[in-house]
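Scroll down for the structure; my scribbles are underneath it.
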Amino acid sequence: MRAIALLGLAGSTIAFAGAAAAEREVEMRELAPGVYAKIVGDDSEAPSGEKIGTNQGVVVQADGVLVIDPSYAFQARWLASDIARLTSQPVRRIFITHFHPDHSRASALLAGAETEIFAATTGREEFEGWLTTLASSEARDGTGEPDLLLPNHYFGEPIAVGEAATRVELIPMGSAHAEGDAVAWLPESRVLFAGDLCKTLPGIEGIDSQAWVAAIERLLELPVEVVVPGHGAIGGRELLERQLELLVALRARIRAAIDDDETYRGLLRALESDPLLGTNASVRERPDDILRIYKEFGGDPRAEGRRRRLQILGLAIGAALVLAAGIGLVWRRRGATAWRNPT
Ligand SMILES: [Zn+2]
């Protein structure tokens, strides 16, 4: 947090129009000279009903502007007007931390003909498949998002863009939160744009929790001082430590449930009342996130149901056998009595 404390809240502060958002302001913070973050702070909708919620970045480099996560149309337009206030430089580069539409969708609103759009190679299929399908269904429904502009520069190894104090390293992080996570790291100002590998809002939404732990451990090796999470409030490296703590605790608890033959329902109940995990893992609202990790450890709630049905069947057969044996005994006794007392 040092850099933020030193620089304060320079840059513009933009309030939503409309009574619904009157109490809420969204800040454009200058984190270091030429380095800005648009911090939304929560996941919600604009007064007009459009989607917002993703934190974004702007780096004014010597040869143009780098945008981090264009997001949906509302936020992309919003950022475009902020950039126009900051500099007359064009948007030369766009970096998308991962393909999820709340980070990637409206790149076309910020890109010019020459703009390079960067993303990690491991997310390429999702950009070109899933996201393209979504965009065409939106076009069919007339939901108003702009044409989709896909990345034109995929990277499988870290690459650097820009120079000197605003040089940005784009680092692929494998597939942990989503296929093809990547981060933007500014070594001079020690600012990290972490995408959804770090979030300060409730919910563990990922595809590989083990890879996610490894990714955060790698990020903690960097001398990070400021972390801009994909969603939620900005902070220092403690945000990464908190994310790691949460993932490790959740994985350990789920692993223990499987080892101890705890039922899946029992596990969910226990997680809901867990002081660390209940809210932070958003157990009640997002049970699928828990199920995904449960399956990573080989757990299968359906197998558990089958096992319980087999147990009930076994008990029923046992009871039937005991009953049959009892009836047989009575018959044998009756027969013996009849043999001893012939009429
Ligand atoms: Zn995401």
Side-chain angles (χ1 to χ4, degrees), residues 37-45 50-57 67-76 79 94-107 117-135 138 145 148 150-151 154 170-185 192-216 218-219 227-235 239-240 242-244 246-247 250 280-282 285-293 296:
K38 185 102 176 166
I39 306 298
V40 176
D42 62 9
D43 276 329
S44 56
E45 290 184 341
E50 287 170 286
K51 300 161 205 162
I52 59 168
T54 301
N55 294 330
Q56 298 165 289
V67 165
I68 299 163
D69 282 346
S71 184
Y72 281 114
F74 182 85
Q75 284 198 235
L79 201 65
I94 293 174
F95 163 59
I96 304 173
T97 57
H98 60 295
F99 76 94
H100 287 169
D102 57 328
H103 295 256
S104 63
R105 182 62 187 85
S107 54
I117 306 179
F118 296 88
T121 309
T122 37
R124 186 170 190 152
E125 268 184 42
E126 277 65 31
F127 274 106
E128 293 176 0
W130 188 89
L131 191 59
T132 307
T133 306
L134 175 77
E138 281 172 356
E145 289 287 318
L148 178 67
L150 292 170
Y154 289 99
L170 307 179
I171 309 173
M173 301 298 299
S175 297
H177 163 72
E179 290 82 356
D181 294 302
V183 300
W185 164 237
L192 177 74
F193 289 87
D196 285 357
L197 287 175
C198 186
K199 295 196 283 185
T200 49
L201 296 180
I204 300 280
E205 191 192 346
I207 56 167
D208 186 335
S209 68
Q210 189 173 12
W212 199 341
V213 167
I216 300 288
R218 264 178 71 198
L219 293 176
V227 176
V228 180
H231 300 265
I234 193 171
L239 298 192
L240 294 175
R242 174 79 173 167
Q243 186 78 54
L244 183 62
L246 199 57
L247 283 162
L250 184 59
N280 288 310
S282 202
E285 293 79 14
R286 302 197 53 91
D288 286 358
D289 297 344
I290 309 300
L291 181 61
R292 219 174 289 119
I293 301 176
E296 274 182 48

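Order of appearance sets the numbers: ligands from 1, and atoms from 1 within every ligand. Computed from a prediction, not measured in an experiment: that's the story for all the values here.
H103 has its ring centre no less than 6.0 Å from the ring centre of H177.
Once rounded to the nearest 0.5 Å, the distance linking CZ of R124 with CZ of F99 reads 15.0 Å.
Below the 2.8 Å limit, the Zn ion (ligand 1) has as protein N, O or S neighbours H98 NE2, H100 ND1, H177 NE2, D196 OD2.
Scored by the side-chain contact (heavy atoms from CB on, under 4.5 Å) test, T132 finds L148, L150 as partners (sequence neighbours excluded).
Ion pair E205/R292 not flagged as a salt bridge, since none of the NZ, NE, NH1 or NH2 atoms sits closer than 4.0 Å to an Asp/Glu carboxylate oxygen.
Taking 4.5 Å as the limit, some side-chain heavy atom of R242 sits within range of a side-chain heavy atom of N280.
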Check: Does the side chain to side chain donor-acceptor pair (under 3.5 Å) test come out yes or no for E296 and Q210, once each step is laid out?
Finding: CA-CA 9 Å; E296 274 182 48; Q210 189 173 12; over 6 Å; no
